[in-house]
Structures are given as structure tokens and as C-alpha cells.
Enquirer: 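One structure is given below, represented as C-alpha cells, and several questions about it will come after.
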Amino acid sequence: MLLMKDIIREGHPTLRRIAKEVPLPPDPADIETLKSMKEFLINSQDPVISEKYGIRGGVGLAAPQINVSKRMFVMRLNDEKGEEHDYSFINPKIVSHSVEKSYLTSGEGCLSVDRSIPGYVQRHARITVKGYNEKGEEIKLRLRGLPAIVFQHELDHLNGVMFYDHIDEKNPFQLKEGAIPIEN
Ligand code: NB4
Ligand code: NI
């Protein structure tokens with residue numbers, strides 16, 4: 001079972017690397033990695049289990065965060081309509097996106113970052129994404145709202161990008177015109 005000790009933190013070089021494409025169909029070891037990452041999110045969202053093991057709450061986890069430099073991540077959350085967004089992604093990519101931006105009004109945190117960093121992270125408001133699931137099947141989705149934000153935070157990890165790279169140092173709360181706030 002994955003625990004906080006298995007999550008690498010800021011300063012670890014893997015977090016700044018470009019993760020490698022995963023050969024398809026995924027081999028059993030990669031499927032197992034995704035399964036344990038998904039289990040970590042489930043545990044992190046269970047008040048009893050997360051308290052018992054000292055796991056921070058999470059809605060996404062990227063393989064580089066457990067020091068596996070491969071293009072895979074998991075996400076698990078409910079959107080504002082209560083719809084579940086429970087996905088494992090292999091070799092994910094954004095195929096198109098809106099010009100419009102959106103941002104979490106409370107800013108972002110990261111399981112690999114042990115400090116809170118104030119500021120807005122403005123991301124594409126709507127994205128069309130492609131990738132493969134743990135079975136090696138192609139998936140194509142349109143995401144908006146919180147799921148779109150989570151996808152982009154995780155995709156960034158595969159490219160060595162941290163959320164605070166997007167925060168304007170001088171004006172951390174400066175918003176682009178028309179940016180859509182997301183309360184969470
Ligand atoms: C990834 C997210 C940071 C901003 C939005 C949110 C939480 C993370 C990081 C966008 C992506 C992890 C991966 C939460 C959280 C709301 C839902 C359900 C019940 C607790 C949970 C708390 F914990 N971010 N943490 N940060 N990351 N919402 N919620 N709640 O997930 O670093 O790269 O369980
Ligand atoms: Ni993160």
C-alpha cells in the first residue's frame with residue numbers, strides 16, 4: 001500500500017523530468033502501479049483510513065510523484081453535478097482546449113509540496129483529452145470545471161512542471177480577463 005513516505009517531494013529531480021511514454025498494451029507491472037495509485041486516492045478520500053495512515057486528501061496522483069518516470073496518472077473526484085470522474089490515464093494528451101481560462105479560488109496544493117503557496121493557477125477552462133486506460137483501450141473525453149483543472153495539474157507532472165510555475169511571482173492573484181472561478 002502506498003503511503004506519504006512513497007511520495008517524493010519538491011527538490012527531487014524526478015519531479016522535473018519529462019516522463020517516458022508507456023508501451024502499449026501496458027505491461028502487468030504498469031497496470032499494478034496504476035492500481036496502487038488509484039488505491040492511494042481511495043484511501044486519501046476515506047476519513048478513517050487517511051487519518052490512520054496520515055495520508056493527505058487527494059483527487060489526483062501522477063506516476064512521477066512515486067518516483068516512476070512514466071506517462072501515467074490517476075484522478076478520482078466528483079464534479080459540481082456529483083458526476084464521478086474516476087480515470088486512469090496512460091500517455092494522456094490534450095488534443096484541443098478553450099481560449100478561456102479557469103482557476104480554483106482556493107489555489108492549488110500538491111502532495112509533493114509541503115508548503116502552501118498562495119496565488120491563482122489559471123488553466124484551460126475546457127479541454128478535449130485523449131489517452132489510454134489500464135486495459136490499453138483508447139479514451140477520449142471532454143472535461144470542464146474541476147476535472148479539467150485536475151487533468152492539467154497531473155499532465156504537468158509528466159512534463160516536469162509544478163503548479164507554482166504558473167503563478168505570477170509579482171502578482172500571484174492577477175487574473176486574466178474572463179477567467180472562470182471554480183469553488184471547491
Ligand atoms: C492535485 C490537485 C491540486 C489542484 C482540488 C482538491 C486536493 C490534490 C493534488 C488540482 C489537482 C494532488 C497530484 C484535495 C481535494 C476535495 C475532495 C474528497 C474527500 C478529501 C478530498 C479533498 F484533497 N485537491 N488535494 N490535492 N497532487 N480537492 N479534496 N475531497 O489532490 O499533487 O499531482 O477526500
Ligand atoms: Ni501534484
Side-chain angles (χ1 to χ4, degrees), residues 2-19 33-34 36-90 92 94 97 101-127 129 131 141 143-167 172 179-184:
L2 289 175
L3 296 168
M4 289 307 293
K5 68 165 172 57
D6 300 305
I7 295 184
I8 60 171
R9 308 302 158 91
E10 254 185 307
H12 193 297
T14 299
L15 291 173
R16 289 304 191 180
R17 281 193 186 120
I18 307 283
T33 299
L34 281 169
S36 65
M37 290 165 62
K38 181 53 63 78
E39 190 205 8
F40 177 88
L41 289 187
I42 293 169
N43 289 340
S44 83
Q45 295 175 7
D46 181 311
V48 175
I49 300 178
S50 61
E51 163 82 22
K52 175 169 177 197
Y53 294 103
I55 301 173
R56 280 173 58 189
V59 292
L61 184 68
Q65 294 181 279
I66 56 166
N67 204 16
V68 173
S69 195
K70 295 185 179 184
R71 302 190 75 78
M72 316 193 284
F73 67 70
V74 295
M75 50 189 275
R76 180 187 159 88
L77 67 143
N78 295 316
D79 65 19
E80 71 279 8
K81 294 178 189 154
E83 310 251 18
E84 276 185 23
H85 295 264
D86 188 350
Y87 313 118
S88 297
F89 274 105
I90 295 172
I94 294 173
H97 63 77
K101 302 284 181 174
S102 69
Y103 63 98
L104 297 182
T105 55
S106 51
E108 295 192 10
C110 179
L111 291 166
S112 297
V113 178
D114 291 324
R115 57 195 173 111
S116 68
I117 299 172
Y120 294 136
V121 180
Q122 297 174 86
R123 300 188 181 277
H124 307 306
R126 295 172 296 282
I127 54 179
V129 306
L141 295 171
L143 301 175
R144 53 181 289 280
L146 184 57
I149 299 281
V150 177
F151 185 99
Q152 291 170 81
H153 178 113
E154 304 316 328
L155 185 63
D156 272 352
H157 278 306
L158 308 187
N159 293 324
V161 174
M162 301 295 283
F163 73 93
Y164 49 79
D165 299 343
H166 299 290
I167 300 175
I180 304 168
I182 301 169
E183 316 270 354
N184 78 300

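All ligand and atom numbering here is 1-based and tracks the order in the structure.
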Enquirer: Minimum distance, heavy atoms only, to atom 15 (C) of ligand 1: which one of Val150, Asn43, Val59 is it?
Expert: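 Checking each option, the heavy atom nearest atom 15 (C) of ligand 1 is found in Val59.
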Enquirer: Given Gly58, Ser112, Gly60, identify the one with the heavy atom nearest to atom 12 (C) of ligand 1.
Expert: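 The nearest heavy atom belongs to Gly60.
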Enquirer: Give the numbers and elements of all ligand 1 atoms closer than 4.0 Å to a heavy atom of Gly109.
Expert: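 The atoms of ligand 1 under 4.0 Å from a heavy atom of Gly109 are 3 (C), 9 (C).
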Enquirer: Indicate yes or no: does an N/O atom of Gln65 lie under 3.5 Å from an N/O atom of ligand 1?
Expert: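 Checking ligand 1 against Gln65, an N or O pair does fall under 3.5 Å apart.
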Enquirer: Taking atom OH of Tyr164 as the centre, does the number of heavy atoms from other residues, nucleotides or ligands within less than 6.0 Å exceed 12?
Expert: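 Counting other residues, nucleotides and ligands, OH of Tyr164 exceeds 12 neighbours.
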Enquirer: Go through ligand 1 atom by atom and flag the ones less than 4.0 Å from a non-hydrogen atom of Cys110.
Expert: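 Taking each heavy atom of Cys110 in turn, ligand 1 has 32 (O) under 4.0 Å.
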Enquirer: For Phe73 versus Ala62, what's the shortest heavy-atom pair and its separation?
Expert: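 Nearest heavy atoms, Phe73 then Ala62: CB-CA, 3.6 Å.
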Enquirer: My question is simple, although I want it checked carefully: is atom 33 (O) of ligand 1 less than 4.0 angstrom from any protein heavy atom?
Expert: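 Under 4.0 Å from atom 33 (O) of ligand 1, at least one protein heavy atom found.
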Enquirer: Please state which part of Asn184 comes within less than 4.0 Å of ligand 1, counting heavy atoms only: side chain, backbone, both or neither.
Expert: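 Side chain only.
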Enquirer: Contact between Tyr103 and Pro181 at the side-chain level, heavy atoms closer than 4.5 Å - yes or no?
Expert: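 Touching, per the 4.5 Å side-chain cut-off.
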Enquirer: Does any part of the side chain of Leu61, heavy atoms only, come nearer than 4.5 Å to the side chain of Ile7, both counted from C-beta?
Expert: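 They are in side-chain contact.
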Enquirer: Give me the atom names and distance for the closest heavy-atom approach of His157 to Pro64.
Expert: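 What the structure gives for the nearest pair is O-CG, 3.8 Å.
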Enquirer: Counting only heavy atoms closer than 4.0 Å, does ligand 1 sit against the backbone of Arg56, its side chain, both, or neither?
Expert: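 Answer for Arg56: neither.
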Enquirer: With carbon and hydrogen excluded and only N/O/S kept, which atom of His157 is nearest the Ni ion (ligand 2)?
Expert: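 It is NE2, the N, O or S atom of His157 closest to the Ni ion (ligand 2).
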Enquirer: Can you find a pair of side-chain heavy atoms, one from Ile180 and one from Arg126, that are under 4.5 Å apart?
Expert: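 They are in contact (side-chain heavy atoms under 4.5 Å apart), so the answer is yes.
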Enquirer: I need the minimum non-hydrogen distance between Asn184 and Ser106, along with the two atoms involved.
Expert: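 Taking Asn184 first and Ser106 second, the nearest heavy atoms are OD1-OG, 3.0 Å.
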Enquirer: Does Val59 reach the side chain of Leu41, with side-chain heavy atoms less than 4.5 Å apart?
Expert: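 The answer is no; the side chains never approach within 4.5 Å.
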Enquirer: Need the ligand 1 atom indices (1-based, order shown) with element for anything under 4.0 Å from a heavy-atom of Leu111.
Expert: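 Within the 4.0 Å cut-off of Leu111, ligand 1 contributes 12 (C), 27 (N), 32 (O).
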Enquirer: Could you identify the single nearest non-hydrogen protein atom to atom 18 (C) of ligand 1 and state the distance to 0.1 Å?
Expert: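 For atom 18 (C) of ligand 1, the nearest protein heavy atom is Gln45 CG, 4.2 Å.
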Enquirer: By number and element, which atoms of ligand 1 are closer than 4.0 Å to a non-hydrogen atom of Glu108?
Expert: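 Under 4.0 Å from Glu108, ligand 1 has these atoms: 4 (C).
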Enquirer: In the complex you have, is atom 22 (C) of ligand 1 within reach of the protein, judged by whether a heavy-atom distance drops under 4.0 Å?
Expert: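 Under 4.0 Å from atom 22 (C) of ligand 1, zero protein heavy atoms found.
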Enquirer: Heavy-atom distances under 4.0 Å decide this one: backbone, side chain, both or neither, for His153 against ligand 1?
Expert: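 The part of His153 near ligand 1 is the side chain, not the backbone.
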Enquirer: For the ring pair Phe151 and Tyr87, is the centre-to-centre distance below 6.0 Å?
Expert: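 Not close enough - the centres of the two rings lie 6.0 Å or further apart.
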Enquirer: List the closest protein heavy-atom neighbour of atom 14 (C) of ligand 1: residue, atom name, distance to the nearest 0.1 Å.
Expert: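 Of the protein heavy atoms, Gly57 O, 3.9 Å lies nearest.
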Enquirer: Who's the nearest protein heavy-atom neighbour of atom 1 (C) of ligand 1, and how far?
Expert: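 Of the protein heavy atoms, Glu154 OE2, 3.6 Å lies nearest.
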Enquirer: Please examine the side chains of Thr33 and Ile66, heavy atoms only from C-beta on, and report whether any two atoms are closer than 4.5 Å.
Expert: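 Answer yes - side chains close enough.
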